Amino acid sequence: MDKTIQQQIETLLAEGFAAAQAAGALPPFELPARIPVQRSRYKAHGDYASPICLGLAKVLRRAPMQIAQTLLQHLPAAPFIGHVEVAPPGYVNFTLDDGWVAQQTPSILQAGERWGDIDTGRGERVQVEFVSANPTGPITVGSARNAVIGDTLASVLQAAGYAVEREYYINDAGSQVRIFGESVLARYAEALGVEGVPFPEKGYRGDYVVELGKQLAAEAGDRYLTMERKEAVRAVARWAVEQMLESIRVDLAAIRVTFDSWFHERWLYERGLFDEVLARLREGGYVVEHDGAVWFRSPDLEKDAVLIRSPQVIPEPSERPTYLASDAAYLWDKLVVRGFRRAIYVWGADHHGDVPRVKAAAKALGLDPDRLVFILYQLVTLLRGGEEVRMSKRRGDFVTLRELVDEVGPDPIRFMMLTRTVDVKLDFDLDLAVEQSDRNPVYYVQYAHTRIAGVLRHAQAQGWPLDAAGDPALLTHPSELALIRKMLELPEIIALVADNLAPHHLTTYATELAALFHAFYRDCRVVDSHAPALTRARLMLVRAAKVVLARVLHLMGMDAPERM
RNA sequence: GCCCCCGUAGCUCAAUUGGAUAGAGCGUUUGGUUGCGGACCAAAAGGCUUCAGGUUCAAAUCCUGACGGGGGUACCA
């Protein structure tokens with residue numbers, strides 16, 4: 001699909017204005033870069049409406065209605081438009097041609113899983129970096145929201161014609177990893193029955209650390225107790241991080257989240273990127289040294305400078321100085337070394353304070369800060385029995401993604417995590433998620449898909465060929481046309497989600513689409529031996545609806561079941 | 001103190017990013033299949049979009065200030 005209907009109407013309007021000006025009916029003026037065209041909320045307003053004339057009234061010094069009427073006279077005809085009219089106070093309303101709408105059914109069917117694809121991205125390379133949870137523990141429910149948002153966004157961007165790469169950034173160079181290593185080492189010594197290995201004060205107390213200790217004891221014997229402690233901590237940390245990463249990989253795969261690349265923070269130091277970036281910052285005059293500490297100072301930062309390296313921290317090459325240092329080197333790697341046009345970060349809202357600093361670092365490095373895009377999602381609250389489940393890192397007190405998947409399955413997690421804008425706190429109701437009832441929105445959409453599968457099974461059992469072409473001209477019932485119109489909207493939804501990085505629109509669309517299918521199902525009997533031609537047409541429609549439902553479900557990372 | 005997000009129907013949330021009559025689900029009330037899966041459909045009721053100003057042809061949406069809830073505040077990530 002080259003252009004969405006919305007875009008085609010934009011073009012029509014632009015041509016109409018050009019024609020009106022050429023004919024002298026309107027004075028010369030400059031059109032806005034984007035002509036607003038929206039889907040009408042009411043049937044009486046047609047399918048699409050443009051308020052463009054309202055905005056032009058002041059520029060043209062004419063009444064909006066008059067502009068609209070003049071425009072109408074010069075608007076070129078288009079096969080997909082059935083009717084255009086002007087409505088007070090100056091809207092231009094477009095109604096799609098019913099015949100044309102019906103004719104789109106075979107096209108949708110033919111596009112199949114590619115239906116909805118657009119090309120606003122034009123192959124632009126975009127990286128979506130998400131989850132990136134510390135490899136010092138299992139993935140929690142909070143990170144699950146991150147995972148679902150990031151993965152869905154990546155899928156939609158791909159559908160919108162971007163060349164997308166999914167990345168997980170592994171924070172494996174900081175002090176947390178060292179403390180993790182110390183924690184595991186202590187549990188390992190315990191497992192071996194050796195005393196005198198202290199558990200760090202702010203160590204990781206989860207059961208999984210005890211398990212790691214046992215596992216290490218079984219695998220390595222007392223090897224790590226015989227070497228120098230510092231070295232042992234480092235080696236154990238490295239091993240434990242690998243174990244956690246593997247478990248993280250498995251847990252995320254369980255909700256159908258996978259990555260194209262896993263980027264280690266320590267690479268930034270091992271490969272000399274940090275030094276390179278620090279040198280660049282220094283050259284630009286953005287680095288200040290004071291009392292042995294290294295600071296980053298940007299003209300954009302009104303407050304104090306940001307610490308890059310402190311004199312107290314032993315500057316071990318494998319240990320990161322401060323997070324800004326890593327972030328600066330990392331963004332350089334994204335935008336310059338690997339050359340992504342845009343780098344999207346999916347971050348919990350609790351990190352919002354870092355956004356200006358990272359952007360400032362980009363600017364100081366001579367890069368356009370707008371190439372870094374931050375999606376800040378509000379945090380997740382887990383409800384069980386109407387009560388908030390308090391989550392802390394203490395043992396037994398936080399819910400892992402693994403537990404959640406075991407309890408509710410991947411589909412409710414994917415759907416629920418997408419239902420809201422990223423800007424609002426999400427209450428994840430565990431009881432509702434498992435409940436298979438009217439109250440659970442998750443199954444509504446999947447049920448529509450299943451119902452279609454059921455109809456097709458029935459048809460096949462009656463001896464109808466499923467792949468026979470039907471005559472779309474027979475699809476004239478209002479419920480049929482409403483359903484097709486909704487299917488035609490998918491490319492615009494993909495554009496909407498991709499442009500605004502707002503994946504929640506998918507859930508709304510999917511629900512609306514399912515609702516229109518259910519209404520159609522009520523109004524129109526599909527398989528009817530007394531009306532073979534109509535049956536063939538409706539089987540075609542139903543198959544097309546199945547394709548679109550499946551596409552939306554797959555974009556959300558959900559299953560499109562044949563049976564439930 | 002400062003920074004960020006939120007405040008919309010009884011509840012949980014939408015509203016195509018400044019457009020016409022603010023929409024869904026749940027809950028409540030009422031109705032629907034001698035039919036392809038009733039995990040469905042239809043109808044009713046429910047609103048001063050927290051409050052007060054402002055910007056403009058037009059504000060739930062933008063600006064200012066209150067009030068209320070959540071998060072952050074830099075050598076944790």
Side-chain angles (χ1 to χ4, degrees), chain A residues 6 36-42 44-45 49-51 54-55 57-58 63-64 87-91 93 132-134 136 169 171 174-177 179 202 265 293 303-304 306-313 320-327 347-357 376-379 381 419-425 427 429 432 436-444 446-448 450-459 461-462 489 492-493 495-497 499-500 502 504-505 507-509 511-512 514-515 517-519 521-523 525-528 535 538 542 563-564:
Chain A
Q6 222 164 11
V37 174
Q38 59 210 216
R39 290 206 72 111
S40 300
R41 265 209 275 251
Y42 306 95
H45 298 159
S50 178
L54 297 167
K58 187 169 266 182
Y91 289 95
N93 294 337
S132 302
N134 271 5
T136 53
Y169 177 62
N171 294 108
S175 57
Q176 286 306 307
V177 168
I179 294 170
K202 291 184 177 176
E265 181 185 10
K303 286 203 210 163
D304 295 352
V306 182
L307 192 64
I308 295 179
R309 176 178 280 163
S310 140
Q312 283 92 17
V313 173
R320 64 185 280 179
T322 71
Y323 63 82
L324 178 82
S326 291
D327 285 344
W347 280 3
D350 51 341
H351 293 85
H352 81 268
D354 297 331
V355 172
R357 287 190 275 275
L376 300 167
Y377 64 93
Q378 298 294 315
L379 302 179
T381 309
T419 48
R420 296 180 197 163
T421 67
V422 297
D423 288 331
V424 309
K425 186 166 80 79
D427 290 329
D429 190 328
L432 181 57
Q436 306 210 343
S437 76
D438 299 1
R439 297 184 57 240
N440 191 334
V442 178
Y443 297 109
Y444 183 80
Q446 290 186 318
Y447 178 60
T450 306
R451 209 175 203 185
I452 293 173
V455 171
L456 294 178
R457 279 194 298 270
H458 172 79
Q462 303 285 315
E489 199 177 329
E492 290 160 11
I493 296 298
L496 180 69
V497 173
D499 291 349
N500 299 296
H504 73 281
H505 287 114
T507 60
T508 310
Y509 174 75
T511 307
E512 289 169 357
F517 173 75
H518 289 309
Y521 180 85
R522 175 205 60 216
D523 293 336
R525 172 146 189 105
V526 178
V527 180
D528 183 355
T535 297
R538 284 181 173 167
V542 156
R563 298 171 195 272
M564 288 169 70

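Here is the naming used below: chain letters follow the sequence lines, and residue numbers restart at 1 for every chain. Treat the numbers as computed from the prediction; the structure is a model and nothing was measured.
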A.B. asks: Evaluate side chain to side chain donor-acceptor pair (under 3.5 Å) for T136(A) paired with Q176(A), printing each intermediate quantity in order.
C.D. replies: CA-CA 8 Å; T136(A) 53; Q176(A) 286 306 307; 5.7 Å; no
A.B. asks: May I have the distance from E489(A) (atom CD) to rA15(B) (atom P), rounded to whole angstrom?
C.D. replies: 13 Å
A.B. asks: Determine the contact category for H45(A): base if any of its heavy atoms lies under 4.0 Å from a base atom, sugar-phosphate if only primed atoms, P, OP1 or OP2 are that close, otherwise nothing.
C.D. replies: base
A.B. asks: Within the structure shown, what part of the strands sits under 4.0 Å from K202(A) by heavy-atom distance: base, sugar-phosphate, or nothing?
C.D. replies: nothing
A.B. asks: Indicate, yes or no, whether a donor-acceptor pair under 3.5 Å links the base of rU17(B) to the side chain of N500(A).
C.D. replies: yes
A.B. asks: Looking at rA39(B) and Y444(A): do their rings stack (centroid distance under 5.5 Å, interplanar angle under 30°)?
C.D. replies: no
A.B. asks: Please classify the glycosidic conformation of rU8(B) as syn (within 90° of 0) or anti (everything else).
C.D. replies: anti
A.B. asks: In whole angstrom, give the distance that lies between atom CG of D423(A) and atom C1' of rG70(B).
C.D. replies: 13 Å
A.B. asks: How many whole angstroms separate atom CG of D327(A) from atom P of rC75(B)?
C.D. replies: 14 Å
A.B. asks: Within the structure, does a side-chain N or O atom of T381(A) lie under 4.0 Å from either OP1 or OP2 of rG70(B)?
C.D. replies: no
A.B. asks: Check if the side chain of H352(A) and the base of rC5(B) share a donor-acceptor pair of N or O atoms closer than 3.5 Å.
C.D. replies: no
A.B. asks: Could you go step by step and tell me if R457(A) and Q462(A) meet the side-chain contact (heavy atoms from CB on, under 4.5 Å) rule?
C.D. replies: CA-CA 9 Å; R457(A) 279 194 298 270; Q462(A) 303 285 315; over 6 Å; no
A.B. asks: Can a side chain N or O of K58(A) be found less than 4.0 Å away from OP1 or OP2 on rC57(B)?
C.D. replies: yes
A.B. asks: Apply side-chain contact (heavy atoms from CB on, under 4.5 Å) to residues R420(A) and Q378(A) and explain how you reach the verdict.
C.D. replies: CA-CA 10 Å; R420(A) 296 180 197 163; Q378(A) 298 294 315; over 6 Å; no
A.B. asks: Taking donor-acceptor contacts at under 3.5 Å, does the side chain of H351(A) reach the base of rA77(B)?
C.D. replies: yes
A.B. asks: How do P89(A) and R420(A) order along RNA chain B: which one's closest nucleotide is nearer the 5' end?
C.D. replies: R420(A)
A.B. asks: Quickly work out the L54(A) CG to rA20(B) C1' distance and round it to whole Å.
C.D. replies: 9 Å
A.B. asks: Figure out the CZ/C1' separation between R39(A) and rA22(B), and round it to whole Å.
C.D. replies: 19 Å
A.B. asks: In whole Å, I'd like the distance from the CD1 atom of I493(A) to the P atom of rU17(B).
C.D. replies: 11 Å
A.B. asks: Please encode protein proximity along nucleotides 29-37 of chain B as a string of B, S and -, counting only heavy-atom distances under 4.0 Å.
C.D. replies: ------BBB
A.B. asks: Closest-nucleotide mapping onto RNA chain B: is S132(A) or Q38(A) further toward the 5' terminus? I mean the 5' end.
C.D. replies: Q38(A)
A.B. asks: Taking atom C1' of rC6(B) as reference, at what distance in whole Å does atom CG of D427(A) sit?
C.D. replies: 12 Å
A.B. asks: Base, sugar-phosphate, or nothing for H504(A), non-hydrogen atoms under 4.0 angstrom?
C.D. replies: sugar-phosphate
